[in-house]
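What follows is a short report on a single structure.
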Amino acid sequence: MAPYNVRWGILATGYIAEVFVRDLLRDPAARSASDISHTVVAVSSSSSSSRAEKFISETGIPTPCAAYGSYEALVADPDVDVIYVATPHSHHFQNVMLALEAGKNVLCEKAFTVNAAQTRILVETARSKNLFLMEAVWTRYFPLSIEVRELIKAGAIGEVLRVSADLSFGDNPEEKFGTEHRMINKDLAGGALLDLGIYSLTWVFQTLYHTLPKDARKPPSRVSAHITPYHLTGADEATTILLSFPTTTPSNSEHPGESQAIASAHLRVWTDPDEKNSARPAIRIQGTKGEIQVDGPAFQPEAYRLIPLKGEGEVREKKFTFPDDGRGMYWEADEVARCLRDGKLESETLDWEESIVIMEVMDEARRQNGLTYPEKIESTVYPTQL
Ligand SMILES: NC(=O)c1ccc[n+]([C@@H]2O[C@H](COP(=O)([O-])OP(=O)(O)OC[C@H]3O[C@@H](n4cnc5c(N)ncnc54)[C@H](OP(=O)(O)O)[C@@H]3O)[C@@H](O)[C@H]2O)c1
(Lines give C-alpha, C1' and ligand atoms only; values in the text may rest on other atoms or scores of the structure.)
Protein backbone atom coordinates (compact mmCIF):
# COMPACT_ATOMS: atom_id res chain seq x y z
CA MET A 1 0.00 0.00 0.00
CA ALA A 2 1.25 3.51 -0.80
CA PRO A 3 2.35 5.47 2.29
CA TYR A 4 -0.05 8.12 3.59
CA ASN A 5 1.42 11.43 2.47
CA VAL A 6 1.05 14.65 4.46
CA ARG A 7 1.41 18.05 2.81
CA TRP A 8 3.10 20.55 5.15
CA GLY A 9 2.96 24.33 5.24
CA ILE A 10 5.76 25.99 7.21
CA LEU A 11 4.87 29.15 9.15
CA ALA A 12 8.07 31.15 9.88
CA THR A 13 11.60 30.69 8.60
CA GLY A 14 13.80 30.89 11.72
CA TYR A 15 16.23 28.46 13.31
CA ILE A 16 13.94 25.62 14.30
CA ALA A 17 11.84 25.78 11.13
CA GLU A 18 15.01 24.96 9.21
CA VAL A 19 15.93 22.04 11.49
CA PHE A 20 12.39 20.68 11.26
CA VAL A 21 12.19 20.94 7.48
CA ARG A 22 15.57 19.26 6.99
CA ASP A 23 14.27 16.35 9.09
CA LEU A 24 10.96 16.27 7.19
CA LEU A 25 12.90 15.83 3.94
CA ARG A 26 14.85 12.79 5.19
CA ASP A 27 13.89 9.38 3.87
CA PRO A 28 11.32 7.74 6.21
CA ALA A 29 12.70 4.33 5.22
CA ALA A 30 15.90 5.15 7.14
CA ARG A 31 13.84 5.10 10.34
CA SER A 32 11.70 2.16 9.20
CA ALA A 33 8.60 4.30 8.64
CA SER A 34 7.01 2.84 5.54
CA ASP A 35 3.39 3.81 6.28
CA ILE A 36 3.71 7.60 6.01
CA SER A 37 5.57 10.23 4.00
CA HIS A 38 5.96 14.01 4.06
CA THR A 39 5.92 16.73 1.42
CA VAL A 40 6.63 20.41 2.09
CA VAL A 41 4.26 22.25 -0.25
CA ALA A 42 4.46 25.83 1.07
CA VAL A 43 6.62 28.11 3.21
CA SER A 44 5.69 31.54 4.54
CA SER A 45 7.69 34.34 6.06
CA SER A 46 6.14 37.36 7.74
CA SER A 47 8.89 39.52 6.25
CA SER A 48 8.75 38.76 2.51
CA SER A 49 8.12 36.08 -0.09
CA SER A 50 11.78 36.35 -1.12
CA ARG A 51 12.74 35.30 2.42
CA ALA A 52 10.49 32.24 1.99
CA GLU A 53 12.09 31.52 -1.41
CA LYS A 54 15.56 31.73 0.12
CA PHE A 55 14.49 29.29 2.86
CA ILE A 56 13.14 26.87 0.23
CA SER A 57 16.36 26.89 -1.77
CA GLU A 58 18.67 26.73 1.28
CA THR A 59 16.86 23.77 2.82
CA GLY A 60 16.59 22.00 -0.54
CA ILE A 61 12.81 21.62 -0.57
CA PRO A 62 11.86 20.03 -3.92
CA THR A 63 9.68 22.01 -6.29
CA PRO A 64 6.85 22.78 -6.52
CA CYS A 65 6.76 24.60 -3.17
CA ALA A 66 4.84 27.86 -2.80
CA ALA A 67 6.62 30.84 -1.19
CA TYR A 68 4.44 33.34 0.66
CA GLY A 69 5.21 36.72 2.17
CA SER A 70 2.44 36.50 4.77
CA TYR A 71 1.08 33.90 7.15
CA GLU A 72 -2.46 34.72 5.95
CA ALA A 73 -1.57 33.58 2.43
CA LEU A 74 -0.13 30.32 3.74
CA VAL A 75 -3.21 29.30 5.73
CA ALA A 76 -5.39 30.02 2.67
CA ASP A 77 -3.45 27.56 0.49
CA PRO A 78 -5.82 24.66 -0.34
CA ASP A 79 -2.89 22.28 -0.94
CA VAL A 80 -1.72 22.43 2.70
CA ASP A 81 -2.92 19.70 5.10
CA VAL A 82 -1.12 20.84 8.24
CA ILE A 83 0.70 23.97 9.36
CA TYR A 84 3.90 23.86 11.43
CA VAL A 85 4.04 27.00 13.61
CA ALA A 86 7.64 27.99 14.41
CA THR A 87 7.38 31.56 15.68
CA PRO A 88 8.41 32.81 19.17
CA HIS A 89 6.15 31.79 22.11
CA SER A 90 4.50 35.21 22.15
CA HIS A 91 3.02 34.61 18.72
CA HIS A 92 1.81 31.01 19.01
CA PHE A 93 -1.73 31.81 20.17
CA GLN A 94 -2.39 34.30 17.36
CA ASN A 95 -0.70 32.17 14.68
CA VAL A 96 -2.42 28.93 15.65
CA MET A 97 -5.79 30.67 15.80
CA LEU A 98 -5.14 32.06 12.32
CA ALA A 99 -4.51 28.54 11.01
CA LEU A 100 -7.43 26.92 12.83
CA GLU A 101 -9.84 29.63 11.72
CA ALA A 102 -8.73 28.90 8.14
CA GLY A 103 -9.57 25.22 8.67
CA LYS A 104 -6.01 23.93 8.94
CA ASN A 105 -4.59 21.25 11.20
CA VAL A 106 -1.67 22.48 13.33
CA LEU A 107 1.59 21.34 14.89
CA CYS A 108 2.81 24.22 17.12
CA GLU A 109 6.25 24.60 18.65
CA LYS A 110 6.69 24.55 22.43
CA ALA A 111 5.84 26.22 24.73
CA PHE A 112 2.32 25.84 23.33
CA THR A 113 1.24 29.34 24.34
CA VAL A 114 2.15 32.03 26.87
CA ASN A 115 -0.47 30.83 29.38
CA ALA A 116 -2.95 28.01 29.96
CA ALA A 117 -5.98 30.16 29.12
CA GLN A 118 -4.67 30.58 25.58
CA THR A 119 -4.04 26.84 25.24
CA ARG A 120 -7.59 26.08 26.39
CA ILE A 121 -8.99 28.34 23.67
CA LEU A 122 -6.84 26.70 20.99
CA VAL A 123 -8.05 23.28 22.13
CA GLU A 124 -11.70 24.32 22.13
CA THR A 125 -11.31 25.87 18.68
CA ALA A 126 -9.67 22.74 17.27
CA ARG A 127 -12.33 20.55 18.86
CA SER A 128 -15.23 22.63 17.54
CA LYS A 129 -13.74 22.72 14.04
CA ASN A 130 -12.80 19.04 14.06
CA LEU A 131 -9.13 19.83 13.42
CA PHE A 132 -5.93 18.17 14.58
CA LEU A 133 -3.79 20.16 17.04
CA MET A 134 -0.55 19.17 18.80
CA GLU A 135 2.19 20.87 20.82
CA ALA A 136 5.52 20.04 19.18
CA VAL A 137 7.31 18.44 22.12
CA TRP A 138 9.46 16.28 19.86
CA THR A 139 11.30 14.52 22.72
CA ARG A 140 8.16 12.57 23.62
CA TYR A 141 8.29 10.73 20.27
CA PHE A 142 11.92 9.61 20.53
CA PRO A 143 12.35 5.82 20.73
CA LEU A 144 14.35 6.51 23.93
CA SER A 145 11.40 8.29 25.58
CA ILE A 146 8.98 5.58 24.48
CA GLU A 147 11.27 2.89 25.89
CA VAL A 148 11.74 4.70 29.22
CA ARG A 149 7.97 5.09 29.61
CA GLU A 150 7.48 1.40 28.78
CA LEU A 151 10.11 0.37 31.36
CA ILE A 152 8.33 2.39 34.03
CA LYS A 153 4.93 0.95 33.07
CA ALA A 154 6.39 -2.56 33.24
CA GLY A 155 7.61 -1.92 36.79
CA ALA A 156 11.32 -2.12 35.92
CA ILE A 157 12.22 0.28 38.76
CA GLY A 158 9.25 -0.48 40.98
CA GLU A 159 6.97 2.32 42.09
CA VAL A 160 8.43 5.65 40.97
CA LEU A 161 8.50 8.16 43.83
CA ARG A 162 10.83 10.90 42.64
CA VAL A 163 12.05 12.48 39.42
CA SER A 164 14.54 15.28 38.89
CA ALA A 165 15.08 16.86 35.50
CA ASP A 166 17.25 19.75 34.41
CA LEU A 167 17.87 21.66 31.20
CA SER A 168 20.39 24.45 31.61
CA PHE A 169 22.76 26.27 29.27
CA GLY A 170 25.30 28.43 31.08
CA ASP A 171 26.06 30.84 28.30
CA ASN A 172 26.74 34.37 29.38
CA PRO A 173 23.29 35.87 28.63
CA GLU A 174 24.62 39.44 28.44
CA GLU A 175 27.06 38.40 25.70
CA LYS A 176 24.96 35.80 23.96
CA PHE A 177 21.50 37.36 24.12
CA GLY A 178 21.75 41.04 25.11
CA THR A 179 18.20 42.33 25.57
CA GLU A 180 16.40 41.70 22.27
CA HIS A 181 16.88 37.98 21.66
CA ARG A 182 13.74 35.85 21.96
CA MET A 183 15.39 33.83 24.78
CA ILE A 184 15.27 36.76 27.23
CA ASN A 185 12.94 39.29 25.58
CA LYS A 186 9.67 39.55 27.51
CA ASP A 187 7.90 40.95 24.44
CA LEU A 188 8.53 37.54 22.83
CA ALA A 189 7.68 35.61 26.04
CA GLY A 190 11.34 34.74 26.51
CA GLY A 191 12.92 33.19 29.58
CA ALA A 192 14.26 29.91 30.90
CA LEU A 193 10.87 28.58 32.00
CA LEU A 194 8.94 28.69 28.72
CA ASP A 195 11.94 27.85 26.57
CA LEU A 196 13.90 25.26 28.61
CA GLY A 197 11.80 24.48 31.69
CA ILE A 198 9.13 23.00 29.45
CA TYR A 199 11.55 20.13 28.73
CA SER A 200 12.32 19.53 32.41
CA LEU A 201 8.57 19.44 33.02
CA THR A 202 8.19 17.13 30.01
CA TRP A 203 10.39 14.58 31.74
CA VAL A 204 8.52 14.98 35.02
CA PHE A 205 5.17 14.53 33.32
CA GLN A 206 6.05 11.81 30.85
CA THR A 207 7.45 9.68 33.69
CA LEU A 208 5.23 10.46 36.71
CA TYR A 209 1.95 11.34 35.00
CA HIS A 210 1.76 9.89 31.51
CA THR A 211 2.75 6.39 32.65
CA LEU A 212 -0.52 6.08 34.58
CA PRO A 213 -3.75 5.08 32.83
CA LYS A 214 -5.52 8.21 31.63
CA ASP A 215 -8.28 8.04 34.24
CA ALA A 216 -5.72 7.69 37.06
CA ARG A 217 -3.66 10.77 36.14
CA LYS A 218 -3.96 13.61 38.64
CA PRO A 219 -2.42 17.07 38.32
CA PRO A 220 0.18 18.10 40.91
CA SER A 221 -1.34 18.77 44.34
CA ARG A 222 1.44 21.25 45.20
CA VAL A 223 3.71 23.44 43.10
CA SER A 224 6.41 25.69 44.57
CA ALA A 225 8.64 27.72 42.31
CA HIS A 226 11.63 30.01 42.66
CA ILE A 227 12.43 32.35 39.81
CA THR A 228 15.49 34.56 39.37
CA PRO A 229 14.92 37.42 36.94
CA TYR A 230 17.42 38.41 34.27
CA HIS A 231 18.48 41.87 35.40
CA LEU A 232 18.30 43.47 31.94
CA THR A 233 14.78 42.41 30.89
CA GLY A 234 12.95 40.82 33.85
CA ALA A 235 12.43 37.53 32.01
CA ASP A 236 13.47 34.52 34.12
CA GLU A 237 17.10 33.43 33.83
CA ALA A 238 16.63 30.61 36.36
CA THR A 239 13.54 28.71 37.45
CA THR A 240 13.26 25.75 39.79
CA ILE A 241 9.91 24.08 40.40
CA LEU A 242 9.09 21.55 43.12
CA LEU A 243 6.03 19.43 42.45
CA SER A 244 4.08 16.89 44.46
CA PHE A 245 1.76 14.52 42.65
CA PRO A 246 -1.04 12.80 44.63
CA THR A 247 -0.14 9.61 42.78
CA THR A 248 2.76 7.25 42.24
CA THR A 249 3.42 5.32 39.07
CA PRO A 250 2.90 2.77 37.53
CA SER A 251 0.35 1.24 39.91
CA ASN A 252 -0.43 4.20 42.19
CA SER A 253 -0.23 1.78 45.11
CA GLU A 254 2.73 2.91 47.17
CA HIS A 255 2.32 4.28 50.68
CA PRO A 256 2.13 7.30 51.24
CA GLY A 257 0.83 7.55 47.70
CA GLU A 258 2.66 10.68 46.62
CA SER A 259 5.52 11.32 44.27
CA GLN A 260 7.80 14.32 44.09
CA ALA A 261 9.68 16.08 41.34
CA ILE A 262 12.16 18.85 40.72
CA ALA A 263 12.16 20.58 37.33
CA SER A 264 14.87 23.17 36.74
CA ALA A 265 16.19 25.44 34.02
CA HIS A 266 19.02 27.98 34.10
CA LEU A 267 20.76 30.33 31.69
CA ARG A 268 24.01 30.71 33.74
CA VAL A 269 24.98 27.17 34.75
CA TRP A 270 25.15 24.06 32.61
CA THR A 271 23.47 20.70 32.90
CA ASP A 272 26.61 19.40 31.22
CA PRO A 273 29.49 21.93 31.46
CA ASP A 274 31.96 20.22 29.09
CA GLU A 275 29.21 19.06 26.71
CA LYS A 276 30.83 15.60 26.75
CA ASN A 277 28.33 14.21 29.19
CA SER A 278 30.85 14.23 32.08
CA ALA A 279 28.17 15.61 34.41
CA ARG A 280 25.60 12.96 33.57
CA PRO A 281 22.72 12.38 34.10
CA ALA A 282 20.29 15.22 33.25
CA ILE A 283 17.30 13.22 34.44
CA ARG A 284 16.95 10.80 37.37
CA ILE A 285 13.82 8.67 37.70
CA GLN A 286 13.88 6.98 41.09
CA GLY A 287 11.75 4.01 42.03
CA THR A 288 11.49 1.53 44.87
CA LYS A 289 13.44 -1.08 42.88
CA GLY A 290 16.02 1.08 41.17
CA GLU A 291 16.62 4.08 39.00
CA ILE A 292 16.64 5.13 35.36
CA GLN A 293 19.14 7.83 34.45
CA VAL A 294 18.88 9.72 31.19
CA ASP A 295 21.87 11.53 29.71
CA GLY A 296 20.93 14.94 28.37
CA PRO A 297 20.30 17.34 26.93
CA ALA A 298 16.73 16.85 28.10
CA PHE A 299 15.30 17.83 24.70
CA GLN A 300 17.50 15.41 22.74
CA PRO A 301 18.74 12.62 25.01
CA GLU A 302 20.91 9.87 23.56
CA ALA A 303 21.26 7.25 26.29
CA TYR A 304 19.69 5.87 29.43
CA ARG A 305 20.95 3.60 32.22
CA LEU A 306 18.81 1.22 34.20
CA ILE A 307 20.34 0.78 37.67
CA PRO A 308 18.66 -1.97 39.71
CA LEU A 309 18.85 -2.13 43.51
CA LYS A 310 22.02 -3.71 44.91
CA GLY A 311 21.99 -7.47 44.35
CA GLU A 312 19.10 -7.37 41.90
CA GLY A 313 20.87 -7.36 38.58
CA GLU A 314 23.42 -5.52 36.49
CA VAL A 315 23.42 -1.93 35.32
CA ARG A 316 22.17 -1.81 31.75
CA GLU A 317 23.02 1.10 29.45
CA LYS A 318 21.43 1.75 26.09
CA LYS A 319 22.54 4.31 23.54
CA PHE A 320 20.33 5.57 20.72
CA THR A 321 21.21 6.91 17.29
CA PHE A 322 19.48 9.32 14.91
CA PRO A 323 18.77 7.64 11.57
CA ASP A 324 19.87 9.39 8.38
CA ASP A 325 21.94 11.89 10.42
CA GLY A 326 18.73 13.59 11.51
CA ARG A 327 18.02 15.60 14.63
CA GLY A 328 15.03 13.52 15.72
CA MET A 329 12.23 15.90 14.74
CA TYR A 330 10.91 13.45 12.15
CA TRP A 331 9.42 11.21 14.82
CA GLU A 332 6.95 13.89 15.93
CA ALA A 333 6.18 14.64 12.27
CA ASP A 334 5.45 10.94 11.72
CA GLU A 335 3.06 11.04 14.68
CA VAL A 336 1.21 13.96 13.09
CA ALA A 337 0.93 12.04 9.82
CA ARG A 338 -0.43 8.94 11.55
CA CYS A 339 -2.95 10.95 13.57
CA LEU A 340 -4.18 12.68 10.40
CA ARG A 341 -4.37 9.35 8.57
CA ASP A 342 -6.36 7.83 11.44
CA GLY A 343 -8.69 10.81 11.82
CA LYS A 344 -7.44 11.69 15.33
CA LEU A 345 -7.67 15.26 16.57
CA GLU A 346 -4.97 14.88 19.24
CA SER A 347 -1.90 12.76 19.91
CA GLU A 348 -2.20 10.21 22.70
CA THR A 349 1.47 10.72 23.51
CA LEU A 350 0.82 14.37 24.43
CA ASP A 351 -2.90 14.94 24.54
CA TRP A 352 -4.61 18.29 24.97
CA GLU A 353 -5.37 17.73 28.62
CA GLU A 354 -1.71 17.07 29.49
CA SER A 355 -0.50 20.12 27.56
CA ILE A 356 -3.01 22.22 29.51
CA VAL A 357 -1.94 20.80 32.91
CA ILE A 358 1.70 21.57 32.11
CA MET A 359 0.82 25.11 31.02
CA GLU A 360 -1.07 25.50 34.34
CA VAL A 361 2.08 24.51 36.27
CA MET A 362 4.06 27.16 34.38
CA ASP A 363 1.31 29.73 35.07
CA GLU A 364 1.47 28.89 38.78
CA ALA A 365 5.28 29.15 38.83
CA ARG A 366 5.02 32.60 37.30
CA ARG A 367 2.14 33.65 39.59
CA GLN A 368 4.13 32.79 42.72
CA ASN A 369 6.99 34.94 41.49
CA GLY A 370 5.08 37.83 39.96
CA LEU A 371 6.42 37.13 36.47
CA THR A 372 4.09 38.53 33.82
CA TYR A 373 4.47 39.26 30.13
CA PRO A 374 3.09 42.28 28.26
CA GLU A 375 -0.72 42.28 28.26
CA LYS A 376 -1.12 41.86 24.54
CA ILE A 377 0.85 38.60 24.45
CA GLU A 378 -0.97 37.23 27.53
CA SER A 379 -4.27 38.18 25.85
CA THR A 380 -6.89 35.61 24.90
CA VAL A 381 -8.44 37.96 22.36
CA TYR A 382 -8.14 36.88 18.74
CA PRO A 383 -7.23 38.64 16.57
CA THR A 384 -4.81 40.92 18.43
CA GLN A 385 -2.18 42.80 16.46
CA LEU A 386 1.26 42.00 17.95
N1 LIG B 1 12.01 21.88 19.38
C2 LIG B 1 13.16 22.47 19.66
O3 LIG B 1 14.15 21.87 19.97
C4 LIG B 1 13.24 23.95 19.56
C5 LIG B 1 14.49 24.56 19.45
C6 LIG B 1 14.52 25.94 19.30
C7 LIG B 1 13.35 26.66 19.33
N8 LIG B 1 12.16 26.02 19.48
C9 LIG B 1 10.90 26.76 19.52
O10 LIG B 1 10.62 27.22 18.21
C11 LIG B 1 10.06 28.53 18.24
C12 LIG B 1 10.93 29.45 17.40
O13 LIG B 1 12.25 29.43 17.90
P14 LIG B 1 13.51 29.75 16.93
O15 LIG B 1 14.73 29.46 17.72
O16 LIG B 1 13.31 29.11 15.63
O17 LIG B 1 13.34 31.33 16.79
P18 LIG B 1 13.93 32.27 15.64
O19 LIG B 1 15.14 31.68 15.02
O20 LIG B 1 14.03 33.63 16.24
O21 LIG B 1 12.79 32.25 14.53
C22 LIG B 1 11.50 32.70 14.79
C23 LIG B 1 10.85 33.11 13.48
O24 LIG B 1 9.53 33.56 13.79
C25 LIG B 1 9.15 34.57 12.87
N26 LIG B 1 8.65 35.74 13.58
C27 LIG B 1 7.41 36.27 13.42
N28 LIG B 1 7.25 37.34 14.19
C29 LIG B 1 8.40 37.50 14.86
C30 LIG B 1 8.85 38.48 15.81
N31 LIG B 1 8.08 39.49 16.22
N32 LIG B 1 10.09 38.35 16.30
C33 LIG B 1 10.88 37.33 15.92
N34 LIG B 1 10.50 36.39 15.02
C35 LIG B 1 9.28 36.49 14.49
C36 LIG B 1 10.37 34.90 12.03
O37 LIG B 1 10.21 34.21 10.79
P38 LIG B 1 9.65 34.97 9.47
O39 LIG B 1 10.39 36.27 9.40
O40 LIG B 1 9.95 34.06 8.39
O41 LIG B 1 8.17 35.18 9.67
C42 LIG B 1 11.52 34.26 12.78
O43 LIG B 1 12.53 33.84 11.92
C44 LIG B 1 9.93 28.87 19.73
O45 LIG B 1 8.66 28.50 20.16
C46 LIG B 1 10.96 27.99 20.40
O47 LIG B 1 10.66 27.66 21.74
C48 LIG B 1 12.09 24.68 19.58
Side-chain angles (χ1 to χ4, degrees), residues 9-24 42-56 58-59 67-75 83-96 98-99 106-114 118-119 134-142 145 167 169 176-202 235 265 267 296-301 322 326-333 335-336 350 355 358-359 362 373-374 376-377 384-386:
I10 308 300
L11 190 150
T13 60
Y15 164 73
I16 204 63
E18 182 176 334
V19 176
F20 182 76
V21 163
R22 288 187 190 280
D23 262 13
L24 267 188
V43 171
S44 68
S45 171
S46 57
S47 53
S48 65
S49 58
S50 56
R51 169 70 200 128
E53 275 160 20
K54 187 162 178 270
F55 181 93
I56 290 167
E58 282 175 359
T59 50
Y68 296 116
S70 81
Y71 299 159
E72 287 76 9
L74 174 76
V75 301
I83 305 270
Y84 170 62
V85 172
T87 50
H89 315 142
S90 48
H91 288 51
H92 290 176
F93 175 67
Q94 297 295 330
N95 298 154
V96 176
L98 178 77
V106 176
L107 172 68
C108 175
E109 264 307 330
K110 43 54 67 174
F112 217 166
T113 52
V114 173
Q118 291 179 338
T119 297
M134 176 175 136
E135 182 181 8
V137 185
W138 57 317
T139 317
R140 289 214 179 212
Y141 304 90
F142 279 31
S145 291
L167 178 59
F169 291 103
K176 185 160 185 200
F177 302 129
T179 55
E180 297 304 317
H181 193 280
R182 70 161 193 87
M183 283 297 290
I184 39 68
N185 185 343
K186 278 177 81 174
D187 291 339
L188 299 176
L193 174 63
L194 288 184
D195 199 81
L196 307 178
I198 178 73
Y199 286 111
S200 309
L201 287 169
T202 289
L267 297 178
F299 56 84
Q300 199 189 29
F322 293 85
R327 292 284 293 276
M329 303 200 90
Y330 32 53
W331 287 307
E332 71 176 347
E335 168 75 359
V336 173
L350 178 54
S355 277
I358 294 173
M359 283 305 313
M362 295 199 285
Y373 294 109
K376 67 179 177 182
I377 66 165
T384 293
Q385 190 61 41
L386 298 183

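We use all heavy atoms of the structure for the numbers below, so side chains are in, but hydrogens, waters and symmetry mates are not. Just so you know, ligand 1 is whichever comes first in the structure, and atom 1 is the first atom listed for that ligand.
From Leu386, atom CG reaches atom CG of Asn95 across 8.0 Å, with rounding to the nearest 0.5 Å. Atom CZ in Arg182 sits 14.5 Å away from atom CG in Asp187 (nearest 0.5 Å). One finds the CD atom of Glu72 at 5.0 Å from the CG atom of Leu98 (value rounded to the nearest 0.5 Å).
Between Phe322 and Trp331, the ring-plane angle classifies as tilted under the 30° and 60° cut-offs. Between Phe177 and His181, the two ring planes are tilted [angle within 30° to 60°].
Between Ser44 and ligand 1, a contact under 3.5 Å exists for no N or O pair. Some N or O of Thr13 is nearer than 3.5 Å to an N or O of ligand 1, by distance alone.
In this structure, Glu135 contributes its side chain and Leu350 its backbone to no donor-acceptor pair below 3.5 Å. Looking at Thr113, its side chain never comes within 3.5 Å of a backbone N or O of Phe93 through a donor-acceptor pair. The main-chain N or O of Gly190 is found under 3.5 Å from a side-chain atom of Tyr373 such that the two form a donor-acceptor pair.
Every atom of ligand 1 with a heavy atom of Met329 under 4.0 Å away is listed here by number and element: 1 (N).
Atom 39 (O) of ligand 1 has its closest protein heavy atom at Ser45 OG, 3.3 Å. Looking only at protein heavy atoms, the nearest one to atom 33 (C) of ligand 1 is Pro88 CG, 3.7 Å. The protein heavy atom nearest to atom 48 (C) of ligand 1 is Glu109 OE1, 3.2 Å. For atom 14 (P) of ligand 1, the closest heavy atom belonging to the protein is Arg182 NE, 3.4 Å. In terms of protein heavy-atom proximity, atom 5 (C) of ligand 1 is closest to Ile16 CD1, 3.2 Å. The protein atom (non-hydrogen) at minimum distance from atom 27 (C) of ligand 1 is Tyr71 OH, 3.3 Å.
Using a 4.0 Å heavy-atom cutoff, His181 is absent from the residues neighbouring ligand 1. Phe299 does not count as a contact of ligand 1, since none of its heavy atoms falls under 4.0 Å from the ligand. Under a 4.0 angstrom heavy-atom cut-off, Phe55 registers as lying outside contact with ligand 1. Not a single heavy atom of Glu18 sits less than 4.0 Å from an atom of ligand 1.
Contacts with ligand 1 closer than 4.0 Å are made by side-chain heavy atoms of His92 only, the backbone lying farther away. Residue contacts with ligand 1 for Tyr199 involve side-chain atoms from C-beta outward but no N, CA, C or O (heavy atoms, distance under 4.0 Å). Contacts with ligand 1 closer than 4.0 Å are made by no heavy atom of Ser90, backbone or side chain. At a heavy-atom distance under 4.0 Å, only side-chain atoms of Asp195, from C-beta outward, approach ligand 1.
Contact check for Lys110 versus Asp195: side-chain heavy atoms found under the 4.5 Å cut-off.
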